[in-house]
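Comments concern the structure below.
For this chain, numbers begin at 1 and follow the sequence in order.
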Amino acid sequence: MKKIIFAALLALTAVGLTGCDRVEPGNVGIKVNKLGDDKGVGEVVGVGRYWTGWNTSIYIFPTFKQMKTYDDAFNFQMSDGTTIGYHIGVAYKVDPTKVTSVFQTYRKGVDDITDTDLRQKIADALNRLASKMSTDKFIDGGKSELLDAALRDIQGEMGPIGIQVISLSYVGKPEYPDTVVASINAKVTANQKTLQRQQEVQQREAEANMLRAEADGQADAKLKLANAEAKSIAIRGQALRENPEVLQLEAINKWNGTLPQYMTNGAATPFISVK
């Protein structure tokens with residue numbers, strides 16, 4: 001009898017444990033009845049363990065920031081008909097004061113909402129907004145503009161319900177059609193060639209400026225040297241004019257003492273005054 005009672009207690013304990021759900025810190029639960037007159041009516045519950053049994057389920061809603069990166073790319077068509085694929089990541093959280101509103105709107109847990117409803121909202125916003133933007137604009141800086149506009153639309157639609165979408169982000173590289181990839185590569189090649197030509201022109205201009213600077217320097221140096229020589233000659237000439245005996249003294253210093261062997265009629269003997 002004791003064994004039977006003990007086995008029954010164990011069975012009841014096991015049933016009790018399997019019939020309990022726990023709301024962890026950072027989460028809010030909503031307790032939903034499956035049967036009866038109050039079927040579907042939700043009761044918000046805080047952190048703790050709750051008996052659910054066969055008739056009750058608890059849906060858990062995290063109130064801290066959640067991150068989700070979708071495995072499948074979002075495909076959206078631009079105004080010129082080009083279809084672009086991009087993986088998208090989303091950050092969001094549930095407003096703890098609006099958990100009942102979230103459940104009454106979607107009738108499912110937060111993971112199901114993220115995988116279906118939120119994903120569809122993102123896809124709808126991207127398609128609607130991309131249809132007003134050309135592929136060239138998207139490539140040339142329109143990516144962030146498109147994503148910011150989609151985020152504002154989703155925030156305005158889901159925020160009042162209780163799901164606060166914090167950010168959207170591109171993940172990885174965009175998936176372009178082959179024609180767009182070829183166009184992008186051609187444009188990059190053209191830009192590189194243009195940049196190369198500009199660099200070559202700048203290099204030639206720099207070399208020419210260097211040669212001009214070098215020539216100007218040489219000309220300036222020659223001019224300064226000529227001015228210095230001219231000034232030296234002027235100073236020396238002025239000194240000789242003012243002191244003629246210096247010129248005679250220099251001639252005497254350079255004379256080797258030999259008189260001229262032949263002299264023309266009337267020529268004076270150097271350095272010797274004959275009276």
T100 vs Q104, test: side chain to side chain contact (heavy atoms under 4.5 Å, CB included). Steps then yes/no. CA-CA 6 Å; T100 301; Q104 288 177 345; 3.5 Å; yes
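- For the side-chain contact (heavy atoms from CB on, under 4.5 Å) criterion with K231, the lone passing option out of N227, I235, I233 is I235.
- Heavy-atom contacts from other residues, nucleotides or ligands closer than 6.0 Å to NZ of K98 number more than 12.
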Could you walk me through whether D95 and I163 pass the side chain to side chain contact (heavy atoms under 4.5 Å, CB included) check? CA-CA 6 Å; D95 186 343; I163 297 179; over 6 Å; no
Show the numbers, then the answer: is there a side chain to side chain donor-acceptor pair (under 3.5 Å) between D136 and S134? CA-CA 5 Å; D136 287 340; S134 67; 5.5 Å; no
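- Judged by distance alone, the side chains of T114 and Y92 do bring a donor and an acceptor atom under 3.5 Å apart.
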Decide side chain to side chain donor-acceptor pair (under 3.5 Å) for T135 and Y176; before the verdict, give the C-alpha distance in whole Å, the side-chain angles of both, and the deciding distance to 0.1 Å. CA-CA 10 Å; T135 303; Y176 293 122; over 6 Å; no
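- At least one side-chain heavy atom of L126 sits less than 4.5 Å from a side-chain heavy atom of I88.
- Looking at heavy atoms from C-beta onward, V94 lies out of side-chain contact with Q164 at the 4.5 angstrom threshold.
- Within the structure, every pair that satisfies the side-chain hydrogen bond (donor to acceptor under 3.5 Å, both in side chains) test and touches residues 62-79, not counting sequence neighbours, is listed here: K68-D115.
- Side-chain atoms of T83 never come within 3.5 Å of backbone atoms of F76 as a donor-acceptor pair (strictly under, hydrogens ignored).
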Step by step, would you call F74 with Y86 a ring pair (Phe, Tyr, Trp, His ring centres under 6.0 Å)? CA-CA 5 Å; F74 289 79; Y86 229 134; over 10 Å; no
For Y106 and T116: C-alpha separation, side-chain torsions, deciding distance, then whether side chain to side chain contact (heavy atoms under 4.5 Å, CB included) applies. CA-CA 10 Å; Y106 296 107; T116 56; over 6 Å; no
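- No donor-acceptor pair closer than 3.5 Å links the side chain of S232 to the backbone N or O of A228.
- Heavy atoms of other residues, nucleotides or ligands lying less than 6.0 angstrom from NZ of K93 number 12 at most.
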N/O donor to acceptor pairs below 3.5 angstrom from side-chain atoms of residues 144-155, sequence neighbours left out:
residue: E145; atom: OE2; partner: K137; partner atom: NZ; Å: 3.3
residue: D153; atom: OD2; partner: R128; partner atom: NH2; Å: 2.8
residue: Q155; atom: NE2; partner: V165; partner atom: O; Å: 2.8

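- Screening residues 210-219 for side-chain hydrogen bond (donor to acceptor under 3.5 Å, both in side chains), with sequence neighbours left out, gives N209-R212.
- Ring geometry for F103 versus Y59: interplanar angle of 30 to 60°, hence tilted.
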